[in-house]
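We count ligands from 1, going down the list as the structure has it; atoms in each ligand are counted the same way. All of these numbers come straight from a predicted model, not from anything done at the bench.
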Amino acid sequence: MSVTDNIVDLKATLPENCTLVAVSKTKPSEAIQEVYNSGHRDFGENKVQELVEKAELLPKDIRWHMIGHLQRNKVKYIAPFVHLIHGIDSLKLLKEVNKQAEKNNRVIDCLLQIHIAKETTKFGLDKEDVNDLLKSDELIVLKNVKIVGLMGMATNTKDEDQVIHEFNELKKIFEELRPLSGTHDLEMTHLSMGMSSDYRLAIEAGSNMIRVGSKIFGERNYA
Ligand SMILES: *Cc1c(COP(=O)(O)O)cnc(C)c1O
């Protein structure tokens, strides 16, 4: 199976309202170009340097999603072109994105990353942190960022009940925050959850944006 076959097959099974972010981290530009040629435009990377290098080589109408942990000192490199930042986990980071977006005369769409997994290693905000952030007076003055939804990663486990529970938890927070849409430069429209191993469960739980890598591009080799 080619990467094109993989993505065509995958897309055929997705609900219409579900955006597929093809996660191309560690994969060569040629593979991305091949998927691009099939008509796909949304690609995700988790490292700033890799993202910038690929963006320079590949067609300019690709919508690049920054899905990994983002360090504040690296925001400036992606601010000119990034389509959506999935991993906002602090007001400090959001402020930096706002600053760099302003320099580029842009409004950058962002998702707040919520910590739903059992693992303590995964980044993200707790429910309380989100409420504090959204109520903050400081948020209102950030005119060059727009919060358009939430992102989360479930625990890496074979225990489906656990994964379902975590996705449901995130969906609940999403629904609770939805009424705030239209205030604080906030528009709760995107719920980014689900990867190769668990995207079906995520969609069932209400995800409308999945981030799938290995199922399209094959296993990653970090050696
Ligand atoms: C790598 C990665 C994915 C995709 O993982 P696969 O298991 O290859 O589908 C999704 N989300 C994030 C944040 C990632 O870092």
### Query
Is R178 salt-bridged to E175, going by a charged N under 4.0 Å from an acidic O?
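A salt bridge is present here (some side-chain N lies under 4.0 Å from a carboxylate O).
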
### Distance, nearest 0.5 Å, that separates OG1 of T155 from CG of D198
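Interatomic distance, T155 OG1 to D198 CG, rounded to 0.5 Å: 10.0 Å.
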
### Query
Roughly how far, to the nearest 0.5 Å, is the CE atom of M188 from the CG atom of L112?
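Here the rounded value is 5.5 Å.
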
### Query
Do you see a donor-acceptor pair shorter than 3.5 Å between the side chains of N104 and Q100?
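No, no side-chain donor-acceptor contact under 3.5 Å.
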
Nearest to [atom], what protein heavy atom do you find, and at what distance?
| atom | value |
| --- | --- |
| atom 5 (O) of ligand 1 | M195 CE, 3.6 Å |
| atom 6 (P) of ligand 1 | S196 OG, 3.5 Å |
| atom 12 (C) of ligand 1 | I67 CD1, 3.5 Å |
| atom 4 (C) of ligand 1 | R211 O, 3.6 Å |

### Query
Non-hydrogen atoms of R220 versus ligand 1: any pair closer than 4.0 Å?
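R220 counts as a contact of ligand 1 under the 4.0 Å cut-off.
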
### Task
May I ask whether K25 has any heavy atom positioned less than 4.0 angstrom from an atom of ligand 1?
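Heavy atoms of K25 do come under 4.0 Å of ligand 1.
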
### Query
If you count the atoms of ligand 1 from 1 in the order shown, which ones are under 4.0 Å from a heavy atom of V212?
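Result: 9 (O).
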
### Message
Does the structure place the NZ or CZ of R41 under 6.0 Å from the centre of the six-membered ring of Y36, at an angle of no more than 45° from the ring's axis?
### Response
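Ring-cation test returns yes.
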
### Message
Using the side-chain hydrogen bond (donor to acceptor under 3.5 Å, both in side chains) definition, which of the options K25, K54, H65 pairs with E45?
### Response
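Answer to the side-chain hydrogen bond (donor to acceptor under 3.5 Å, both in side chains) test with E45 among K25, K54, H65: K54.
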
### Query
Does any N/O atom on G213 come nearer than 3.5 Å to any N/O atom on ligand 1?
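Checking ligand 1 against G213, an N or O pair does fall under 3.5 Å apart.
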
### Query
Between S197 and ligand 1, does any nitrogen or oxygen pair lie at a separation below 3.5 Å?
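In this structure, S197 places no N or O atom under 3.5 Å from an N or O of ligand 1.
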
### Query
Any chain of hydrophobic side-chain contacts (each under 4.5 Å) joining L91 to L177?
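Yes, same cluster.
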
